[in-house]
Amino acid sequence: MLFRSIPMVLGGKSEVLDVGRRRRFHTRAQRLAIAQRDKTCVVGGCDAPPSRCHVHHVIPWSEGGGTSVKDGRLYCSAHHAMVHDPKRSGRLRT
């Protein structure tokens, strides 16, 4: 039987904070850590709280990005849509 080793970074209570490409969506523990770090939507002037935000991959999943606290950012739904719109994403100040 062949076992693969998958590196994981653990937070308090041994909660996984970095799962590489094993999962696309951030875990609850990751979302809580990102919310604690970012506090609100990361776009300058937007004060949307974490409960109204999505976690965005800094390096898109479709381009090989991993799922981690380090590479996740909070964006409210409006700004998250903008960051994925090539015509508008260059205008966001984070």
Task: Spacing of CG belonging to Asp38 relative to CZ belonging to Arg73, to within rounding of 0.5 Å - done: 6.5 Å

- [ ] Look only at the side chain of Thr67 and the backbone of Arg24, and say whether a donor-acceptor pair between them is shorter than 3.5 Å.
- [x] yes

Open item on the list: Under a 3.5 Å distance rule, please check whether Gln30 uses its side chain to pair with a backbone N or O of Thr27 as donor and acceptor.
Closed with: yes

TODO: Mind checking side chain to side chain contact (heavy atoms under 4.5 Å, CB included) for Arg31 and listing every partner two or more places apart, or none if nothing turns up?
DONE: His26, Val55

TODO: Give a yes-or-no answer on whether the side chains of His54 and Ser77 include a donor-acceptor pair shorter than 3.5 Å.
DONE: no

Task: Point-to-point distance, once rounded to the nearest 0.5 Å, from OG of Ser68 to NE2 of His57 - done: 8.0 Å

TODO: Check whether any side-chain N or O of Arg37 sits under 3.5 Å from a backbone N or O of Val69 as a donor-acceptor pair, and report yes or no.
DONE: yes

Task: Atom of Cys76, atom of Cys46 and distance for their closest heavy-atom approach - done: SG-SG, 3.9 Å

Open item on the list: The criterion is side chain to side chain donor-acceptor pair (under 3.5 Å); which residues satisfy it with His56, sequence neighbours excluded?
Closed with: His80, His84

TODO: Hey, could you give me the OH/SG distance between Tyr75 and Cys41, rounded to the nearest 0.5 Å?
DONE: 7.5 Å

- [ ] Go through the structure and list residues passing side chain to side chain contact (heavy atoms under 4.5 Å, CB included) with Ala35, not counting sequence neighbours.
- [x] Pro50, Leu74

